[in-house]
Amino acid sequence: QSLLCFLPGLALHCSRSLFNGQSLRLPCNHRTASIKRNSQGSSGVVVTMMAKPSIQFIQGTDEQTIPDVKLTKSRDGTNGMAIFNFEQPSVFDSSGELGDITGFFMIDEEGVLQSVDVSAKFVNGKPARIEAKYVMRTPREWDRFMRFMERYANANGLQFVKK
């Protein structure tokens with residue numbers, strides 16, 4: 001059994017066409033952009049933008065609290081589970097305004113990993129902690145999860161601690 005300490009994309013591809021409509025400007029906070037030209041020079045431009053990896057409980061609202069993550073994997077490597085513990089998560093501060101917790105979403109440039117196995121822990125009648133579980137049933141799901149966690153850790157200065 002291992003212990004990971006990790007915390008808090010999106011890929012956008014645009015290309016120039018013959019359409020002469022209005023241009024669209026996108027905000028670039030926490031994003032990096034790269035421009036690639038095709039082999040004929042500047043006739044086609046592709047812009048790729050990537051957002052910082054994030055975790056959300058309410059879609060569209062990033063969780064700001066750093067979780068502790070316990071990661072287990074079967075001996076044969078075919079499946080595993082990640083258990084995320086958030087002490088005093090920021091979602092409790094805004095959930096009344098934004099709505100109910102709808103799940104656990106891990107977002108990066110490859111897409112979204114999600115789980116509905118989310119539970120809140122209460123102390124003296126007040127929400128204190130959220131525990132979210134993410135189950136990986138195949139080596140492919142395990143690898144995809146690890147790619148997300150690597151991006152998430154790098155973006156937030158976190159590291160792997162083996163127990």
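Positions are given from 1, in the same order as the sequence printed here. The analysis underlying the following values was restricted to heavy atoms, covering all of them including side chains, and did not include hydrogens, waters or symmetry mates.
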If you look at every heavy atom in P53 and F148, which pair is closest and at what distance? CB-CE1, 4.1 Å
Atom pair CE/CE of M136 and M146 - distance to nearest 0.5 Å: 8.5 Å
For N124, enumerate each residue passing the side chain to side chain donor-acceptor pair (under 3.5 Å) test, keeping only those at least two apart in sequence or located in another chain. none
Using the salt bridge (Lys or Arg N to Asp or Glu O under 4.0 Å) rule, collect all pairs that involve residues 111-122, keeping only residues at least two apart or in two chains. none
Any idea which heavy atoms bring F92 and I130 closest together, and the distance? CZ-CG1, 3.5 Å
Answer yes or no: is there a side-chain heavy-atom contact under 4.5 Å between K52 and R151? no
Roughly how far apart are I83 CD1 and K133 NZ, rounded to 0.5 Å? 5.5 Å
T65 side chain vs S90 backbone, donor-acceptor pair below 3.5 Å: yes
Approximate separation, where rounding is to 0.5 Å, of D62 CG and I107 CD1: 6.5 Å
List the atom of V118, the atom of G103, and the distance in Å for their closest heavy-atom pair. CG2-C, 3.9 Å
Those residues that, when tested against R137, pass side-chain contact (heavy atoms from CB on, under 4.5 Å) (two or more places apart): V135, E141
Mind checking side chain to side chain donor-acceptor pair (under 3.5 Å) for T78 and listing every partner two or more places apart, or none if nothing turns up? D76
Using only atom types and a distance under 3.5 Å, with no angle test, would you say the side chain of D100 pairs donor to acceptor with the backbone of T102? no
Apply the test side-chain contact (heavy atoms from CB on, under 4.5 Å) to residues V91 and I58: give CA-CA distance (whole Å), side-chain angles for both, the deciding distance (0.1 Å), then the verdict. CA-CA 8 Å; V91 71; I58 299 172; 3.7 Å; yes
Taking only residues at least two apart or on different chains, which pairs with a member in residues 100-134 satisfy ring-ring contact (aromatic ring centres under 6.0 Å, His included)? F57-F104, F84-F104, Y134-F145
Spell out, as yes or no, whether a donor-acceptor pair under 3.5 Å connects the side chain of Q64 to the backbone of P89. no
Once side chain to side chain donor-acceptor pair (under 3.5 Å) is applied, do any residues pair with N85, and if so which ones, sequence neighbours excluded? R129
Within a strict 4.5 Å, meaning less than it, do heavy atoms of the T61 and Q56 side chains meet? no
Tell me, do D68 and F86 make a side-chain contact under 4.5 Å, heavy atoms counted? no
Can you find a heavy atom in the side chain of R144 that is under 4.5 Å from one in the side chain of E110? yes
OG of S54 to CE of M106, rounded to nearest 0.5 Å, is 11.0 Å
